[in-house]
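In what follows, a structure is listed as structure tokens, so that the remarks can point back to it.
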Amino acid sequence: MFHSIEKQVSRAFHTHIQIRYGIDLAVGIEQPRQSEFGEMAVPAAFQLAKQLRQAPRKIAAELVEEIGLIAGVAAMEVAGNGYINIRLDRGAYGTALRRSDSASVPVPGEKIIVEHTNINPNKAAHIGHLRNAALGDTFVRMLRACGYRVEVQNYIDNTGVQVADVVAGFHYLENKTLADVRALLEDPAIRFDYYCWDLYARTSSYYNDHPEALAWRRETLHAMESGEGDVAELAHVISDAIVKAHLATMLRLDVEYDVLPRESEILHLQFWSAAFELLKQRKAIYFETEGKHAGCWVMPGLSEEGKVIVRSDGTVVYTGKDIAYQLWKFGLLGKDFFYRPWYTYADGRVLWVTTDQPADSGQQFGHGTRVYNVIDTRQSYLQDVVEAGLRALGYEAQADQSIHFNYEMVALSPRCCADLGIPLSEEDRKRPYVEVSGRKGLGVKADDLMDSLIAKALEEVASRHAEAPAGEQRRVATQIAIGALRYFLLKFTRNSVIAFDLQEALSFEGETGPYVQYAAVRAQKILDKLIERGETMPDFAAELSSEAMTRQLASEEVWQMLLAASKTGAAVERAVAAGEPAHVARYAFQLAQTFSNFYQQHPILIEENREKKVLLLWMTEFFRRQLERIASILGIQIPIYM
RNA sequence: GGGCGCGUAGCUCAGGUGGAUAGAGCAUCAGCCUUCUAAGCUGAGGGUCGCUGGUUCGAGUCCAGCCGCGCCUACCA
């Protein structure tokens, strides 16, 4: 709502300035610092001052005089030394809000692919992975809220070194057979992903002490690549089981996917050979005959020596496979996967996985017009290589639409390490944070963290609602815990390193998910109480005429609250443009703050002035809707009570 | 050495394309539960926006140079 008026005002100024002065000016709309200045401020006069060689104030006066009235605007005035402040027609604004369902405008023709999560399927997920998934999933929700068609891919690297190391751990270190591992999977007393977490750390440490054991890795990788024999089968059994565990972990956070493209199919369906042919044909890579890269296929440009894409032994590096995958996402590879169903979500939506067995699934994935890869910032160089690859192949447009949605790592605060009993060196204790390491088994497992959060929330819920059924308490506690976790992971901007602190993450006060949920719960409670008291919801259309709106919204304080609540759409659109889920989180918090304030200052049910009561009830309902909407974009549910 | 990022209140962080008096949470202190849930609300204190220079009507924001910190810079992924 607010956004569309902003656009109208901007357009009106732009058109007038073009006609009057012949200048094509991008007219920005600002939010005045102080609300007394109105709802919008236009600094256009400052920008024109230089070109016109006139005082900003004089130009501003001219503009105000000549533009005249804009729909929805009550007044424009010159302020300071050249600002144009705009006041909205409050009655008209309120009435428009009451009528509109603020439906988003669908953006047709564009299909956006978002790839996120991408956890190596060799051990349980940790908090770093949760940041990736929370960012990716929230961005998907933001895009969908703006009307975009989005496909969510979770890439499974089931043939990589990390899986090989766990396979080697079972095979060589523990002397376990395929049957042994299958039995382990059946054992209800064992959490397989946790077991692998420890085994991976043990195997890595064994490599450290016995470098000759690295031969295990080579042999395992070789066996996996051939796709034949027990070791290859073992790798599949392990990675499939871990993928299942990861999906279950992510489902706790309400994170869902459309398709799981797997590296094994990229291999078996010869995606790389197709990409390799393309790269050679178009001379995007060359065969090096001398120097330290002799015998390799190299992509020039990025670093001084170029980047090796194919090793001298003929095997392709990870980046090469990534180029093939990126080409496929844009529908440029000329090859496709086959698909089979992997899982059905509660709402009936099917999650597909790639397969190399020809099957007519009727599914079509990929063919995006824009691709977001949610990958941590340490892999920027690799992502640059992928983009450079597209460019070298002549796919400039697709390279421009390949977006590395990067984010900083999640590390552990020294205090958190102490809480978890992780020993630290003298040096580490002085650092602001300590990096997590899967190899060392250092980190916080995602499910453990969620369990602690739920337990803590449950204590709180039980003490407040002792009479409620246990199952219900647990559901509410879970919603609160997940809300807290998602908000915590989203409130930092992407390029900020999160120094994870257990005590801070477990907090339910202040700028947190539960604060947002609490506001929505209170709003709902007012509406429930109204019915309990035997009253009925007023017919807002009948009781809130435009005149009534104007009268009631004359109250500066009430008006400001309504205004703040009406900016949800604008906030989400801005956040999408900035690629920053943290902006949505911040807006949600501010919205909740505004409502808490409103709640405190206006006892609604006992309000005696009927017109005012109706307005307050309508606003409560509006706030509730907006809070629920913004929370759902953050992937946060609203409990029935708190 | 090169590339990317960061440096804002005691701590953790926000600060649309440069704009009006630099914000929030936590922590600290002082208030508010016989009134729709106190996971809440009100108020107070707390700042040389790393340093220096430049661009201009105007710089936390843009440019340059320093200082400090982090990540990347593999024929690992």
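Owing to the predicted nature of the structure, the values given are computational and were not obtained by experimental measurement. Below, chains carry the letters A, B, ... as their sequence lines are ordered, and counting in each starts from 1.
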Task: Of the listed nucleotides C72(B), C75(B), U37(B), the one nearest the side chain of Y381(A) - done: C72(B)
TODO: With the side chain of E435(A) defined as its heavy atoms from C-beta on, choose the nearest nucleotide among C71(B), A14(B), A20(B).
DONE: C71(B)
TODO: Please lay out, stage by stage, how Y325(A) and F271(A) fare under the test ring pair (Phe, Tyr, Trp, His ring centres under 6.0 Å).
DONE: CA-CA 8 Å; Y325(A) 178 32; F271(A) 273 31; 8.5 Å; no
Open item on the list: In whole Å, measure the gap between the C1' atoms of A77(B) and C62(B) for me.
Closed with: 38 Å
TODO: Taking syn as within 90° of 0 and anti otherwise, name the glycosidic form of G25(B).
DONE: anti
- [ ] Sticking with atom P, work out how far U21(B) lies from G31(B), rounded to a whole angstrom.
- [x] 35 Å
Task: Inter-nucleotide P distance (U61(B), U8(B)), Å rounded - done: 14 Å
Task: Among G70(B), C75(B), G16(B), the one nearest Y433(A) by side-chain distance - done: G70(B)
Open item on the list: Looking at the base of A20(B), is there any donor atom on it, or on the side chain of N85(A), that sits under 3.5 Å from an acceptor on the other one?
Closed with: yes
Task: Whole-angstrom distance between G5(B) and A9(B), as gauged at atom P - done: 22 Å
Open item on the list: I'd like the C1' distance from A59(B) over to A22(B), given in whole Å.
Closed with: 12 Å
- [ ] Using the P atom as the reference point in each nucleotide, state the distance between G1(B) and G58(B) in Å, no decimals.
- [x] 37 Å
Task: A294(A) vs R494(A), nearer the 5' end of RNA chain B by closest nucleotide - done: R494(A)
Open item on the list: Would you say H404(A) places a side-chain N or O within less than 4.0 Å of OP1 or OP2 belonging to C4(B)?
Closed with: no
- [ ] May I ask you to say what A582(A) touches in the nucleic acid, namely base, sugar-phosphate or nothing, with a heavy-atom cut-off under 4.0 Å?
- [x] nothing
Open item on the list: Is there a side-chain contact between D165(A) and Y207(A) in this structure, where contact means two heavy atoms from C-beta onward sitting under 4.5 Å apart?
Closed with: yes
Task: Ring centroid separation F500(A) to F488(A) under 6.0 Å - done: yes
Task: Pair T203(A), R217(A): side-chain N/O donor-acceptor within cut-off below 3.5 Å - done: no
Task: Minimum-distance nucleotide to R378(A) side chain [options: C36(B), A77(B), C71(B)] - done: C71(B)
Open item on the list: Mind checking if I309(A) touches a base, just sugar-phosphate, or nothing, with heavy atoms under 4.0 Å?
Closed with: nothing
Open item on the list: In the structure I gave you, are the side-chain heavy atoms of L48(A) and L63(A) within less than 4.5 Å of one another anywhere?
Closed with: yes
TODO: Using only side-chain N and O atoms of K529(A), determine if any of them is under 4.0 Å from OP1 or OP2 of U37(B).
DONE: yes
Open item on the list: Any base atoms under 4.0 Å from L530(A), or only sugar-phosphate, or nothing? Heavy atoms, all strands.
Closed with: nothing
- [ ] Go through G25(B), G15(B), C36(B) for me and flag the one nearest to the H583(A) side chain.
- [x] G15(B)
Task: Whole-Å P distance, A64(B) and G46(B) - done: 37 Å
- [ ] Would you classify F37(A) as touching base, sugar-phosphate or nothing, given that sugar-phosphate means primed atoms plus P, OP1 and OP2, and contacts are heavy atoms under 4.0 Å?
- [x] base
Open item on the list: Taking the P atom in each of G10(B) and G47(B), what is the distance between them to the nearest angstrom?
Closed with: 7 Å
Open item on the list: Tell me every residue that passes ring pair (Phe, Tyr, Trp, His ring centres under 6.0 Å) with H602(A), counting only those two or more places apart in sequence or in another chain.
Closed with: F598(A)
Open item on the list: For a 4.5 angstrom cut-off between non-hydrogen side-chain atoms, does V434(A) reach L442(A)?
Closed with: yes
Open item on the list: Is N495(A) close enough to C6(B) that one of its side-chain N or O atoms is under 4.0 Å from OP1 or OP2 there?
Closed with: yes
Open item on the list: If the condition is side chain to side chain donor-acceptor pair (under 3.5 Å), which residues does E263(A) pass it with, not counting sequence neighbours?
Closed with: Y155(A), T159(A), K321(A)
Task: Sugar-phosphate only, base, or nothing, as touched by S507(A) at under 4.0 Å among non-hydrogen atoms - done: nothing
TODO: Using a 4.0 Å heavy-atom cut-off across all strands, classify K292(A) as base, sugar-phosphate, or nothing.
DONE: base
Open item on the list: Please classify the nucleic acid contact of V521(A) as base, sugar-phosphate, or nothing, using heavy-atom distances under 4.0 Å.
Closed with: base
Open item on the list: Looking at the base of C4(B), is there any donor atom on it, or on the side chain of S380(A), that sits under 3.5 Å from an acceptor on the other one?
Closed with: no
TODO: State, yes or no, whether a side-chain contact exists between F623(A) and Y599(A) at a heavy-atom distance under 4.5 Å.
DONE: no
TODO: Check the distance between C6(B)'s P and D376(A)'s CG and give it to me in whole angstrom.
DONE: 16 Å
- [ ] Could you pick out which residue, D157(A) or S496(A), lies toward the 5' side of RNA chain B when each is mapped onto its nearest nucleotide?
- [x] S496(A)
Task: Per-nucleotide protein contact string for nucleotides 38-45 of chain B (B base, S sugar-phosphate only, - none; heavy atom under 4.0 Å) - done: SBBSS---
TODO: Tell me what D501(A) touches on the nucleic acid: a base, only sugar-phosphate, or nothing, going by heavy atoms under 4.0 Å.
DONE: nothing
